[in-house]
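Comments concern the structure below.
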Amino acid sequence: SHAVPWAFPTRLAFSEPRLVPGARRDCQKVGHQSKTPPPPPTRKTHSIGSAGTSTTGPVVSRTEEAVGMSAPGGGSTPPPDQDLGDQGDHEYVEAGDEDDMYAPVFLGDEHGEVVADLDEEDDAPMSDSDDDEVDPATHPGVAEDMEDRDAAMGDEIVPPQDDSVAVIRSHGAPVFSCAWSPTSASTFATGGGDDVAMLHVVSELAGASEEGAGGAPTQKVTVTSTELKGHGDTVSSLNFNHDGSLLASGGLDGKACVWNVADGKCLQTLEGPGGGLEWTKWHPKGNVLLAGSEDFTAWMWNAGDGQLMQVFAGHSASVSCGGFAPDGKSIATGSFDGSCRVWAPRTGECTTLFMGHPYHDGPVTCLDFHPTSEGLMITGSEDNTARLISSVSKKVLGALVAHTETLECVGMSGDFPFAASGGIDTKLVVWDLNTLQPRNTLPHDKAVSALRWIPGTAMLYSSCIDGVVRLWDTRSSSCQAAQCGHVRGVLDFAPSPDYKTIVTASDDHTARVFRMVP
């Protein structure tokens, strides 16, 4: 943890939206790439220190494994022996300061329904169809959903002013991903459809004027940028490791690259997946990298030596979201096959499968872990609902129903019994997890693309396809700050370590830095 000037902890309640809207340069859809799965993949294995590959055959099994049975295609090498496991103008009220802010009391094991409680001889539920291709002619709902995503992107925006303190115009295509170092107030990264990741360092300009013509703020910081070239397709995901020394980039070329933040050099190129990478996530305590792929699998590597540690196979469609649990001892992945799987990192075993009633009735689009309650997760789907699930009790604890269109992002507060979900229907819904009912709804002008809780508070940030980033007080439903400047939608954002500043990634080919709290 790192001290921050507002006296609240820096534990981050990670939201896990798939913020790669239209990540393929020819696909401008909010939140997702094409749903058409790639051909059955082949596994590529690597010798330590070798860039060569060998094909060992298909890795995807169409038969779902039963809960507690080994997932097909376990990793070839076991993991190493380490535990995978002054106030501004806005007032931030800490946890416990309000009488109605009580400690989380979540539903117990006596509630909910078991999704898959199977004997070893039994098969887990099959998906409704084993077909790889989805024909819009026979599935009109899919075509309509794609049209909704296209419409959600909207036309070019004319912002009333530019509130940003810096604009990054280095990319030659939409910027789909961004990340801010957890240990540096000046270092962040961006990645885009020009196949390039960039590392940026911001520095203050002494004596900069506060306002320019028309009262709009002038650019008050300078940005030094370094190109990170290593991908052959869109950079869809960026993440700094726990100490900020390494940056991981995931691309639609199926590769993950590990960069030295100090000098911008590529330390490892991690290959193997037979499809584009949807997301990348670091282990919370070590330099182990996890990635989800369009080839229906998730991959785990040792970033130190580039060794493949595990392949998690079992999904029957693109692995759209996932990550390590906060304690690092388990992994969860969500997929367009409508399932969520919980895995043991060491063995590659699928320990829990959520699929079929009473789970989602559509592709899983986003996932988040509760920061402190073991096994507690929230997932969002194209069925317009969120589900609260527990990998400990192996139950669906409840359905969160309020949206009318696909959910793009979800997040859980680590300090209050709250969760939040954002959707294409322009709503950001804050949920009371004790009642599983909406606490309030925070309106937006267009689709909500990302959200992030501020640790130690009941505040959260949201970004929107209307080009605006907002700071909300979820107790009063009030918008504390709204800043604009983009001329197209904001697709991703990342906060600085003190949560006062954010960087945004936009479809307008720029990234912008906003000071949300003075």
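Because only heavy atoms are used, hydrogens play no part in the values below, and waters and symmetry mates are left out as well, while side chains stay in. Note that the numbering runs from 1 along the sequence shown for the chain.
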(request) Could you give me the CA-CA distance, side-chain angles and deciding distance for W282 and V258, then say whether side chain to side chain contact (heavy atoms under 4.5 Å, CB included) is met? (result) CA-CA 11 Å; W282 289 98; V258 178; 4.1 Å; yes

Donor-acceptor contact below 3.5 Å, side chain [X] vs main chain [Y]:
X    : Y    : value
S293 : F296 : no
N241 : L246 : yes
D492 : A505 : no
S330 : A344 : no
E382 : T406 : no
T474 : A458 : yes
N302 : V288 : no

Between [X] and [Y], is any side-chain donor less than 3.5 angstrom from a side-chain acceptor?
X    : Y    : value
S478 : D473 : no
S320 : S335 : no
Y359 : S381 : no
D415 : S413 : no
E278 : S236 : no

Which atom of [X] lies closest to which atom of [Y], heavy atoms considered:
X    : Y    : answer
A179 : A494 : CA-CB, 3.7 Å
P455 : Y499 : CD-CZ, 3.5 Å
A298 : V319 : N-CG2, 4.5 Å
S237 : S177 : N-OG, 3.8 Å
K427 : H403 : O-CE1, 3.3 Å
S391 : V342 : CB-CG2, 3.8 Å

State, yes or no, whether a side-chain contact exists between [X] and [Y] at a heavy-atom distance under 4.5 Å.
X    : Y    : result
L367 : C340 : yes
V468 : V490 : no
P438 : W431 : yes
M300 : P345 : yes
D432 : Q437 : no
L270 : L289 : yes
R470 : C464 : yes
D425 : V448 : no

Got a second to check how far [X]'s [atom1] is from [Y]'s [atom2], nearest 0.5 Å?
X    : Y    : atom1 : atom2 : answer
W299 : L290 : CH2   : CG    : 12.0 Å
L397 : R387 : CG    : CZ    : 11.5 Å
I157 : R488 : CD1   : CZ    : 7.5 Å
L442 : L428 : CG    : CG    : 5.0 Å
M412 : W453 : CE    : CH2   : 10.0 Å
K329 : K285 : NZ    : NZ    : 7.5 Å

(request) Decide yes or no on side chain to side chain contact (heavy atoms under 4.5 Å, CB included) for K394 and I389, but give the supporting numbers first. (result) CA-CA 7 Å; K394 304 182 188 296; I389 59 177; over 6 Å; no

(request) State which residues pass side chain to side chain donor-acceptor pair (under 3.5 Å) with D253; sequence neighbours excluded, sorted by chain then number. (result) H231

(request) Quick one: sort the W343 and H315 rings into parallel, tilted or perpendicular, breaks at 30° and 60°. (result) perpendicular

(message) Can you classify the ring geometry of F493 versus Y461 as parallel (below 30°), tilted (30 to 60°) or perpendicular (above 60°)?
(response) perpendicular

(request) Apply side chain to side chain contact (heavy atoms under 4.5 Å, CB included) to L407 and D383, showing your working. (result) CA-CA 8 Å; L407 273 66; D383 67 3; over 6 Å; no

(request) Kindly indicate, with the supporting measurements, whether the criterion side chain to side chain contact (heavy atoms under 4.5 Å, CB included) is fulfilled by L471 and C479. (result) CA-CA 6 Å; L471 174 63; C479 183; over 6 Å; no

(request) Determine, for D466 against K446, whether the closest basic-nitrogen to carboxylate-oxygen distance falls under 4.0 angstrom. (result) no

(message) Are H283 and F324, when compared by the centres of their aromatic rings, separated by less than 6.0 Å?
(response) yes

